[in-house]
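Working notes, structure below.
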Amino acid sequence: MSISIDQNVCIGCGKCHDVCPGTLIKINENKKAFIKYPKDCWGCTSCIKECPVHAIRFFLGEDIGGKGSKVHTEKVNGLVRWIVEFPDGRVKSIDIDPKESNKY
Amino acid sequence: MKIERLKTDLLIIGGGTAGCYAAITAAKANATNNAANNAADLKILIVEKANIKRSGCLAAGVNALNAYITEGRTPKDYVEYAKKDADGIVREDLLYSISEKFNEVTAHLEKLGLVILKDKDGKYVTRGNRNIKINGENIKPILADAVKKLDNVTVLNHVNIFDFSVHNNKINGAFGFGIENDTFYAIEAGAVIIATGGAAGLYRPNNPGFSRHKMWYPPFNTGAGYAMGIRHGAEMTTFEMRFIALRCKDTIAPTGTLAQGVGAKQVNALGDVYETKYGISTSERVYGTVAENLEGRGPCYLRTVGISAEQEESLLKAYLNMAPSQTIRWLENETPSKANVEIEGTEPYIVGGHTASGYWVDTKRATTIEGLYAAGDVAGGAPQKYVTGALAEGEIAAKSAVSYIEGLSALRLIRQAHQPAQGPDVQFKVAEPAEATIKEGEVAEHVAEIKKFLDPRGDEDGDTAERLEEEMQAAMDAYAGGIQTSYRYSENQLAVALEKIEGIEARTNSLHADDFQELMYIYELKERLTVCKSVIAHLAARKETRWHSFAENSDYPEKDNEHFRKYVNSRLENGKIKIILRELTAEGQRTYEHQH
């Protein structure tokens, strides 16, 4: 499980680098973010929540049951929208209201 | 490499849950005292190796507050629960001191912005006897924002502290390096709060390949605080009470939300509910699953098949707020209403927020090193601390440290005589302090060690920190009760473990770092090796099996109340770990004398 950063989308703001609890994300010479240590990602998704242009995708490795989907979040009308893009092109969104508590 | 000297009154090492709350409390306590005494503000410095916005255990969020005194219950009930779960090996005095603060710190969190579920009468909705329901996805940014608003608190992000400065058993500060700015720091402080969390990565993890860091505890918590204390002779307690979490297989996501949220029972492959057979304490739940697998009745599951569509939707959301991998795994495979969720035990961790491992502290959270206070997962004696317990300990440690600093009368006189109105920046960057408590020789020694690791080695196919870490984890897994042996170990195995760990430790001297991130990996490896040696010594010292799985001693498979209703403590003396057995606190005891 780790993340991938689309450098065509990245604007080099450095927010993902600043917030990663493992300081695993670095900025390259072209001012684009990349994950230098992909195997060391904890999967906390902090970087994804910071990215203003949705350049970062989270995925599960095959060793823990991953099937190639890519996940990110967007803020939509005050809600946190989790977007799962499946390899077959399907997309599923789950909206979470940050003002609502978990039911469990 | 730049060299920078800093000076502060209070140094907080680690800006996680406990560290941030310690800063918030210290600033408040100091402001209250100053109003009375017309004194200047204390300078408070948090040093964090990542960034306090998302560092520590709560980076991804947390699903519930698991330590709360619900209506009709008392702090005593909580103490009794924690005591029973640890089969007596807890410090009642410490547990009382946090239990009495759970609700107060919860109210404060809500005031800071945490969403807590309430009923129509405005009361918190509880989950079981001790838990309340929240939306904790942003709990860490909430704490970080509160810290940022404090004028006299400075935060140094991306600086890794790797050693204390201790003279005559009194702490003077600490040494660290910037991971991103190639800078060495020598930081003098009047008092230090250590809040670096527990230790993950000692044992081979569940998924040692690509997803090696998909673990329960933050892989970036390397036991730094334990290791620094051990090396400087601090007394430590109960490292043998390891924590093993019962988790959803592969994603290592929490199971409590399934068990308590939708009432899912633990079942074996035959569909039999087995949890009642082994008991329901934290360690027994893990042990039951291990035992069913050993008996050939695995795999084991949490029975979720048949839950309603509404329940399933709530589960998908709840996991996105704390362990998003699990929701994704469900969506990519089968959802919980269609397939039961397979469960497994994790590798063992050392973590004082769940078990009792850590610094031996008094009720003020003073360690046995003068001026050093401990809070959160690094502090021992008080298991089942969770988030609110870590906050409570941060508060207690902060108040104690502030009193200690203010009690240093000489310091106070100097401050009153010489302190002009200065911003926090002016106080920092002291080039040549007149009365430095950290000596130049100490700085030179630490800088030389770092330079040695950074110098080209001329042997590019030699050992790497990554390779030695894997060797360490393999040794602990096979010989110190890891997943491979179903958490069991014997004295003979522990002897092999120690020999291997010492061998690996000797090889760390010739490691090379290309940059300061790799330098951090070398120091983290060294920290883990130090903690491994203490864990091995403690496991060998408790010659009984009091907690299945957590400390499953094959040579002594039974509980021995006659000899081991005691705390197993340790202290490094002349390079050797000395084991000290101490008497338990009495029923209801609120203080515990401990020797400095």
Side-chain angles (χ1 to χ4, degrees), chain A residues 1-2 14-27 36-50 57-73 80-82 84-87 90-104, chain B residues 49-51 53-56 59-61 63-64 115-118 125 127 133-138 140 157-158 179-180 207 209-215 218-220 249-252 257-258 260-262 311 313-318 320-325 327-329 331-333 517 520:
Chain A
M1 147 238 61
S2 193
K15 286 184 173 177
C16 55
H17 155 271
D18 292 347
V19 84
C20 173
T23 51
L24 307 174
I25 300 172
K26 306 292 175 188
I27 308 293
K36 190 172 177 189
Y37 306 93
K39 282 165 75 178
D40 288 347
C41 173
W42 188 30
C44 71
T45 65
S46 299
C47 54
I48 291 170
K49 294 164 189 167
E50 287 291 323
R57 296 289 182 276
F58 174 71
F59 63 94
L60 300 189
E62 288 179 16
D63 58 338
I64 58 169
K67 299 277 166 62
S69 301
K70 295 188 179 301
V71 183
H72 74 285
T73 63
V80 177
R81 175 165 295 168
W82 289 77
V84 183
E85 300 160 83
F86 295 96
R90 280 181 306 128
V91 175
K92 180 172 172 71
S93 298
I94 298 178
D95 287 347
I96 293 186
D97 184 347
K99 295 191 190 69
E100 267 185 23
S101 162
N102 295 328
K103 297 290 178 292
Y104 302 119
Chain B
K49 74 173 169 181
N51 181 311
K53 187 171 182 184
R54 288 282 183 181
S55 60
N63 187 44
V115 171
I116 304 181
L117 188 62
K118 288 178 172 168
V125 174
R127 183 182 94 175
K133 300 176 183 182
I134 64 172
N135 184 326
E137 188 284 319
N138 61 347
K140 196 64 210 304
N157 286 318
H158 299 132
I179 298 152
E180 303 282 19
N207 308 298
F210 180 73
S211 301
R212 64 187 182 187
H213 273 187
K214 184 66 268 181
M215 53 177 62
F220 317 115
K249 189 172 185 302
D250 298 333
T251 58
I252 317 297
T257 301
L258 293 167
Q260 296 189 46
V262 300
Q311 284 177 312
E313 195 61 25
S314 292
L315 280 180
L316 295 179
K317 288 185 178 181
L320 285 176
N321 279 341
M322 60 171 173
S325 301
T327 301
I328 296 160
R329 197 179 192 288
L331 293 175
E332 287 199 305
N333 296 276
Q517 176 108 6
M520 174 173 72

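Order of the sequence lines sets the chain letters (A, B, ...), proteins ahead of strands, with each chain counted from 1. The figures here come from the full heavy-atom set of this structure, side chains too, leaving out hydrogens, waters and symmetry mates.
With a threshold of 4.5 angstrom between heavy atoms, A/K67 approaches chain B through its backbone and through its side chain. Looking at A/V71, only its side chain comes within 4.5 Å of chain B, counting heavy atoms on both sides. Of the two parts of B/L320, the backbone and the side chain both hold a non-hydrogen atom closer than 4.5 Å to a non-hydrogen atom of chain A. Using a 4.5 Å cut-off between heavy atoms, B/K249 does not touch chain A at all. Within the 4.5 angstrom heavy-atom criterion, no atom of B/I252 approaches chain A. When heavy atoms are compared at a cutoff of 4.5 Å, B/M322 does not approach chain A at all. With a 4.5 Å cut-off on non-hydrogen atoms, B/A318 touches chain A through its backbone and its side chain both. B/E180 touches chain A through its side chain: at least one heavy atom from C-beta onward sits under 4.5 Å away, while N, CA, C and O do not.
Per-residue counts of heavy-atom pairs under 4.5 Å with chain A were compared for B/V115, B/N51, B/T257; the largest is that of B/V115. In terms of heavy-atom pairs under 4.5 Å with chain A, the best-connected choice from B/V125, B/N333, B/L258, B/L316 is B/N333. Among B/K53, B/Q517, B/K214, B/R329, the residue with the largest count of heavy-atom pairs under 4.5 Å with chain A is B/Q517. Comparing A/G66, A/C41, A/G61, A/G22 by how many heavy-atom pairs each has under 4.5 Å with chain B, the most go to A/G22. Your options are B/P324, B/G261, B/P218, B/A50, and the one with the most heavy-atom pairs under 4.5 Å with chain A is B/P218. Of the listed residues (B/I134, B/L315, B/N157), the greatest number of heavy-atom pairs within a distance under 4.5 Å of chain A belongs to B/I134. Taking B/T251, B/T327, B/N321 one by one and counting their heavy-atom pairs under 4.5 Å with chain A, the maximum is reached by B/N321.
Between atom CE of residue B/M520 and atom CD1 of residue B/I179 there is a gap of 4.0 Å, rounded to the nearest 0.5 Å. Of the inter-residue distances, the one linking A/C44 atom SG with B/F220 atom CZ reads 7.0 Å to the nearest 0.5 angstrom. Considering NZ of A/K49 and NE2 of A/H72, their distance stands at 14.0 Å, rounded to 0.5 Å. Here NE2 of B/H213 is found 11.0 Å from CH2 of A/W42. Values are rounded to the nearest 0.5 Å.
Enclosure of atom NZ in A/K26 by more than 12 non-hydrogen atoms of other residues, nucleotides or ligands within 6.0 angstrom is indicated.
Judged purely by atom type and a 3.5 angstrom limit, B/K140 uses its side chain to pair as donor or acceptor with the backbone of B/S55. Using modelled atom types, one side-chain atom of B/E332 and one backbone atom of A/S69 make a donor-acceptor pair closer than 3.5 Å.
We find that B/K317 and A/E100 are not joined by a salt bridge, their nearest charged nitrogen and carboxylate oxygen being 4.0 Å or further apart.
Under the 4.5 Å side-chain criterion, counting only non-hydrogen atoms from C-beta, B/R127 is in contact with B/N63.
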Discussion item. Would A/E50 and B/R54 count as a salt bridge (Lys or Arg N to Asp or Glu O under 4.0 Å) here? Give the steps.
Written reply: CA-CA 11 Å; A/E50 287 291 323; B/R54 288 282 183 181; 5.2 Å; no
